[in-house]
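Scope of the values below: all heavy atoms of this structure, side chains included, with no hydrogens, waters or symmetry mates. Just so we're clear, the structure is a prediction, and the values are computed from it rather than from any experiment.
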Amino acid sequence: MTVDIAELVRLRTRHPEAIAEAAARRVRRPLLGDNDRLMIVAADHPARGALGVGDRKLAMANRADLLERLCLALSRPGVDGVLATADILDDLLLLGALDGKIVMGSMNRGGLQGASFELDDRFTGHRAEDIERLRFDAGKLLLRIDYDDPGSLTTLESTARAIDDMAARRLPVFVEPFISRRTAEGKVKNDLSAEAVTRSIAIASGLGGTSAYTWLKVPVTDNPDDMAEVMATSTLPAVLLGGEVGDDQDGAYEKWRGALQLPTVRGLVVGRSLLYPADGDVAAAVDTAVGLL
């Protein structure tokens, strides 16, 4: 699909109600299909100022290019849906790309990449009431916990209340937890050791007044062989996140393949590594990831 930016802008200026109208007529589907697996393409990075892919610092900054990559990914067999912020989902609604797809709204994007307040990750994206009003299917939130940063407590409390708000509407919410720390240069780094990922899962699983509608969105540990013990920490259903893959795409696939065999792991939520693969072939990258399921 070639995205006509001029037409999107015309609709936004002349008929902004078109977004709500498209959401109201969107054909919906159950969260899980017959195979009980999920393959979601993620594109909520730009709203946190995270535009880079590898050494390309502004790779995700061209919106027409991003939308075309998303539409291609969503058209591939086995892709269940998309995770994104309101601006991107609004565009995809106007493009008619979300019929029969799972639509997941990104809820907290206030922890801007590189900011002094990065760990105070305020809920500046979709609210539970927005996800309900637009007939979307789920929400996602990021929970990075740095024991030395008071901002993490604000995020932790806000996360618990967001889980409550989603559960009150019987809407699934995918919680992406990390134990994080700042390097000597002040950059936030997520700890992917088995102990840290285990602790993050334990903390995230206990948030809110009920876990009935909570899913986990977790990374593969530094040593993939640790995943079986790590995932034994919780009975909550989980999906694997992609993260930064770099040039070793095949290595990432192998890590995902092993973890996908674990009983609580139900699928993948992957963004940049599929939308911006090193060889440029989005369709092939998506098809390979789908094949892992």
Side-chain angles (χ1 to χ4, degrees), residues 1-33 38-48 51 60-110 122-142 162-174 213 215 267 269 271 274-275 282-283 286:
M1 174 185 288
T2 300
V3 172
D4 186 344
I5 292 294
E7 176 60 14
L8 285 177
V9 174
R10 186 192 69 79
L11 283 169
R12 284 179 171 277
T13 53
R14 295 278 187 173
H15 188 41
E17 298 82 5
I19 293 168
E21 292 166 1
R25 64 174 179 266
R26 182 179 69 88
V27 177
R28 298 183 68 181
R29 50 153 281 184
L31 181 68
L32 294 176
L38 268 181
M39 176 68 219
I40 303 292
V41 179
D44 60 341
H45 314 79
R48 206 169 59 80
L51 298 166
M60 298 187 77
N62 186 307
R63 183 51 53 89
D65 178 61
L66 174 57
L67 291 172
E68 288 170 1
R69 291 170 185 267
L70 280 168
C71 288
L72 174 57
L74 286 166
S75 73
R76 303 305 297 173
V79 174
D80 294 295
V82 63
L83 158 65
T85 45
D87 55 333
I88 293 173
L89 293 181
D90 290 347
D91 283 338
L92 292 173
L93 282 169
L94 293 174
L95 292 168
L98 298 180
D99 278 347
K101 299 297 182 182
I102 296 301
V103 181
M104 193 180 298
S106 186
M107 302 179 76
N108 62 326
R109 297 281 84 186
R122 305 290 177 95
F123 281 67
T124 57
H126 287 100
R127 302 165 299 175
E129 54 261 46
D130 299 321
I131 294 171
E132 180 181 48
R133 171 177 50 84
L134 292 164
R135 302 171 60 251
F136 291 164
D137 305 292
K140 172 260 178 181
L141 54 87
L142 176 63
I163 289 171
D164 289 338
D165 288 345
M166 292 291 282
R169 294 166 170 82
R170 299 185 179 183
L171 287 167
V173 59
F174 289 68
Y213 295 91
W215 286 58
V269 178
L274 299 186
L275 294 172
V282 175
V286 171

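- The environment of Arg122 atom CZ is sparse: at most 12 non-hydrogen atoms of other residues, nucleotides or ligands sit within 6.0 angstrom.
- Asp90 CG to Leu11 CG: the interatomic distance, rounded to the nearest 0.5 Å, is 11.5 Å.
- Taking a cutoff of 4.0 Å between a charged side-chain nitrogen and a carboxylate oxygen, Arg127 and Asp165 do not qualify as a salt bridge.
- Between Asn62 and Leu66, the closest side-chain pair of non-hydrogen atoms is not below 4.5 Å.
- Taking 4.0 Å as the cut-off between side-chain N and carboxylate O, Arg12 and Asp87 do not count as a salt-bridged pair.
- The side-chain heavy atoms of Val173 and Met107, taken from C-beta on, include a pair separated by under 4.5 Å.
- Listed for the Arg135 side chain is a donor-acceptor partner under 3.5 Å among the backbone atoms of Ala24.
- Note that OG1 of Thr85 and CG of Asp91 are 9.5 Å apart. Values are rounded to the nearest 0.5 Å.
- Side chains of Leu8 and Leu95 form a contact here, defined as non-hydrogen atoms less than 4.5 Å apart.
- From Leu98, atom CG reaches atom CZ of Arg28 across 12.0 Å, with rounding to the nearest 0.5 Å.
- Annotation: ring-ring contact (aromatic ring centres under 6.0 Å, His included) contacts of Phe136 (sequence neighbours excluded): His126.
- Annotation for Met166 and Pro172: closest pair CE-O, 3.2 Å, computed over non-hydrogen atoms.
- Between Glu17 and Glu21, the closest side-chain pair of non-hydrogen atoms falls below 4.5 Å.
- Considering only residues two or more places apart in sequence or on other chains, Asp164 meets the side-chain contact (heavy atoms from CB on, under 4.5 Å) condition with Arg161.
- Side-chain atoms of Arg109 come within 3.5 Å of backbone atoms of Asp44 as a donor-acceptor pair (strictly under, hydrogens ignored).
- Listed here is the closest heavy atom pair of Val269 and Ala42: CG1-CB, 4.0 Å.
- When side chains are defined from C-beta on, Ser106 does not count as touching Arg48, because their heavy atoms never get closer than 4.5 Å.
- At least one side-chain heavy atom of Leu141 sits less than 4.5 Å from a side-chain heavy atom of Phe123.
- Between the side chain of Thr124 and the backbone N or O of Gly110, at least one donor-acceptor pair lies under 3.5 Å.
- Put simply, the side chain of Asn108 gets close to the backbone of Leu142: a donor and an acceptor are under 3.5 Å apart.
- Proximity of Leu38 to Leu31: side-chain heavy atoms (C-beta onward) are separated by under 4.5 Å at one or more points.
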Indicate every side-chain donor-acceptor pair of residues 67-74 with a distance under 3.5 Å to a residue at least two apart or in another chain.
unit_1 : atom_1 : unit_2 : atom_2 : d
Glu68  : OE2    : Val3   : N      : 3.0
Arg69  : NE     : Asp65  : OD1    : 3.3
Arg69  : NE     : Asp65  : OD2    : 2.9
Arg69  : NH1    : Leu275 : O      : 2.6

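- A distance of 5.5 Å separates NE2 of His45 from CE of Met60, quoted to the nearest 0.5 Å.
- Side-chain contact between Met104 and Val82 is absent, with no heavy-atom pair separated by less than 4.5 Å.
- Between the Asp99 side chain and the Val27 main chain, a donor and an acceptor come within less than 3.5 Å of each other.
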